[in-house]
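Here the structure comes first, spelled out in structure tokens, and everything after it is commentary.
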Number of protein chains: 2
Amino acid sequence: MKRNTWQREAVRDALGRTEGFVSAQALHASLRGTGSEVGLATVYRALADLAHEGEADSLVQEGESLYRACTPGSHHHHLICRNCGTAVEISADPVEAWARQVAAEHGFTEPNHVVDVFGLCPECSAAASAR
Amino acid sequence: MKRNTWQREAVRDALGRTEGFVSAQALHASLRGTGSEVGLATVYRALADLAHEGEADSLVQEGESLYRACTPGSHHHHLICRNCGTAVEISADPVEAWARQVAAEHGFTEPNHVVDVFGLCPECSAAASAR
DNA sequence: GAGCGCCGTGAGAATGGTTCTCGGTAGGAT
DNA sequence: ATCCTACCGAGAACCATTCTCACGGCGCTC
């Protein structure tokens with residue numbers, strides 16, 4: 001039996017309100033900042049659930065897990081600003097095909113893949129070149 | 001001034017002797033198993049150096065950093081068995097081009113990318129279907 | 001070959017993100 | 001309203017990694 005608690009909703013909302021990827025810790029801090037008395041463990045549990053159910057994507061950077069609300073049910077990848085965390089969903093059909101083919105060529109089965117593109121978003125590029 | 005210590009050599013050798021990706025901890029354990037009195041911190045330092053100098057590749061999986069000896073100076077990606085860790089170097093020229101193009105389309109500069117393909121290697125596939 | 005300066009090492013402590021524990025609380029079915 | 005039980009919260013536990021600092025060995029110089 002699955003329950004709808006206001007804590008889980010708060011996490012889902014806070015995640016949806018964010019532009020790019022956020023760490024669990026940052027999300028917890030921001031929830032606390034808005035007066036929600038949510039436990040850190042609960043944030044981790046909610047994020048893990050959301051990621052498991054496909055409502056959020058996660059990636060690991062510098063030892064931290066980052067999360068982002070994502071269009072559910074669709075397979076896609078991200079273009080992520082390594083400075084501010086802003087992320088753009090991108091489809092990568094050619095890469096999907098390539099991954100499957102490469103795996104098959106080497107006799108690998110059940111192919112998965114991790115594809116992320118990092119860079120500096122337009123704003124951060126401008127700021128960097130101005131500095 | 002850069003020094004050649006037997007510890008660094010031991011780490012390089014142990015890494016070169018391994019088939020796929022290994023964790024720093026596992027490498028340390030295996031070095032200790034062969035009688036080398038190497039410190040854990042030293043293994044971490046050596047691996048970080050090797051990765052920095054391009055003699056090793058690293059990836060993060062399940063909160064652990066995994067390392068592998070790699071052909072130096074070449075840009076490539078990996079096809080990794082998610083069961084036994086065996087890895088095959090693969091070149092991904094079409095993906096390189098795609099990543100640059102996608103980044104440019106969205107105004108992102110200085111593109112990086114993370115591309116890894118996971119799957120079950122032939123041996124593990126056979127073992128899995130036999131079970 | 002001997003001396004010397006200083007980098008690399010090692011053991012253990014510190015760090016920091018994540019997970020676990022456990023008593024208490026509240027969702028939802030009846 | 002009541003009961004069952006999944007969920008929550010606080011803090012402790014965990015674990016990979018990094019830091020600290022005294023010591024030993026590497027490589028340069030003579």
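Below, read A as the first sequence line, B as the second, and so on, with proteins coming before strands; counting in each chain starts at 1. Model, not experiment: these values are computed from the prediction.
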Could you check how far [atom1] of [X] sits from [atom2] of [N], rounded to whole Å?
X: B/His28; N: C/dG12; atom1: NE2; atom2: P; answer: 11 Å
X: B/Trp6; N: D/dG27; atom1: CH2; atom2: C1'; answer: 18 Å
X: A/Glu62; N: C/dT15; atom1: CD; atom2: C1'; answer: 16 Å
X: B/Gln61; N: D/dT17; atom1: CD; atom2: P; answer: 12 Å
X: A/Gln25; N: C/dT18; atom1: CD; atom2: C1'; answer: 8 Å
X: A/Leu50; N: D/dC7; atom1: CG; atom2: P; answer: 13 Å
X: A/Glu64; N: D/dT17; atom1: CD; atom2: C1'; answer: 14 Å
X: A/Arg8; N: C/dG28; atom1: CZ; atom2: P; answer: 11 Å

Minimum-distance nucleotide to A/Arg3 side chain [options: D/dT17, D/dT5, D/dG27]: D/dT5
Given C/dT9, D/dC19, D/dG9, the nucleotide with the shortest approach to the side chain of A/Val38: D/dG9
Counting just side-chain N and O atoms, does [X] come under 4.0 Å of either OP1 or OP2 of [N]?
X: B/Gln7; N: C/dG10; value: yes
X: B/Thr5; N: C/dT9; value: yes
X: B/Tyr44; N: D/dT18; value: no
X: A/Ser65; N: C/dT18; value: yes
X: A/Arg45; N: C/dC20; value: no
X: B/Arg32; N: C/dA11; value: yes

Contact summary for A/Ser125 and B/Gly107, nearest pair of heavy atoms: OG-O, 4.3 Å
Identify each donor-acceptor pair in which a side-chain atom of residues 10-22 of chain A lies under 3.5 Å from a protein atom, sequence neighbours left out, and give them as a table.
| from | atom 1 | to | atom 2 | distance (Å) |
| --- | --- | --- | --- | --- |
| A/Arg12 | NE | A/Glu9 | OE2 | 3.4 |
| A/Arg12 | NH1 | A/Glu55 | OE1 | 2.4 |
| A/Arg12 | NH1 | A/Glu55 | OE2 | 3.0 |
| A/Thr18 | OG1 | A/Ala14 | O | 2.7 |
| A/Thr18 | OG1 | A/Leu15 | O | 3.1 |

More than 12 heavy atoms from other groups under 6.0 Å of NE2 on A/His52: no
Charged N-O contact under 4.0 Å between A/Arg82 and A/Glu62: no
Ring geometry between A/His77 and A/His113 (parallel below 30°, tilted from 30 to 60°, perpendicular above 60°): tilted
Given DNA chain D, 5'-ward residue of the pair B/Asn4 and A/Ala41, judged by closest heavy atom: A/Ala41
